[in-house]
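Please read all numbers here as calculations on a predicted model, not as lab measurements. By convention here, the first residue in the shown sequence is residue 1.
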Amino acid sequence: MLVNAVSTFKIIESYPHDKYLPSFLVRWVFAESVFHAQIATDAEGNNIRIVTIYVPAPDEWNESLEVRRTK
């Protein structure tokens, strides 16, 4: 699913000082459903590591599921 949806990727948050590697929260669409994936980037090793993939909760995100709602 993730590889097939590369053309829909949008970085919505970045964590440059994450504990192990810089990481990003990516929004993507597959089969008309929105998903989020946190990926860690290992530039020296020339690879990306998938940390987690989940379906975002609509009550925690705006309508496009791109911006967190403030509490």
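- With sequence neighbours excluded, the residues satisfying side chain to side chain contact (heavy atoms under 4.5 Å, CB included) with Ala57 are Asp59, Glu60.
- Across Arg69 and Pro58, no two heavy atoms sit closer than the pair NE-O, 3.3 Å.
- For Asn46, the CG atom is loosely surrounded, since the number of other residues' heavy atoms within 6.0 Å does not exceed 12.
- Here salt bridge (charged side-chain N to carboxylate O under 4.0 Å, His left out) pairs that include residues 37-52, with residues two or more places apart or in two chains, are Asp42-Arg49.
- No chain of hydrophobic side-chain contacts below 4.5 Å, direct or via other Ile, Leu, Val, Met, Phe, Trp or Tyr residues, connects Ile11 to Leu21.
- For the atom pair Ile48 CD1 and Thr41 OG1, the distance stands at 7.0 Å (nearest 0.5 Å).
- The two residues Ser23 and Ala40 make their nearest non-hydrogen contact at CB-CA, 3.9 Å.
- Asn62 meets the side chain to side chain contact (heavy atoms under 4.5 Å, CB included) test with Ser64, Glu66, Val67; sequence neighbours excluded.
- The hydrophobic cluster around Val51 extends to none of the other residues, as no ILVMFWY side-chain heavy atom falls under 4.5 Å of it.
- The structure places CZ of Phe30 at 11.0 Å from CD1 of Ile53, a figure rounded to the nearest 0.5 Å.
- Pairs engaging residues 11-20 under the salt bridge (charged side-chain N to carboxylate O under 4.0 Å, His left out) rule: Glu13-Arg68 [sequence neighbours left out].
- Neither Phe24 nor Tyr20 shares a network with the other; the hydrophobic side chains, linked directly or stepwise wherever heavy atoms of I, L, V, M, F, W or Y lie under 4.5 Å apart, form separate groups for each.
- Taking Ile, Leu, Val, Met, Phe, Trp and Tyr as members and joining any whose side-chain heavy atoms lie under 4.5 Å apart, directly or through other members, the hydrophobic cluster of Tyr54 also contains Ile12, Tyr15, Leu25, Val29, Val34, Trp61, Leu65.
- Applying the ring pair (Phe, Tyr, Trp, His ring centres under 6.0 Å) test to Phe35 and every residue at least two apart in sequence or in another chain returns Trp28.
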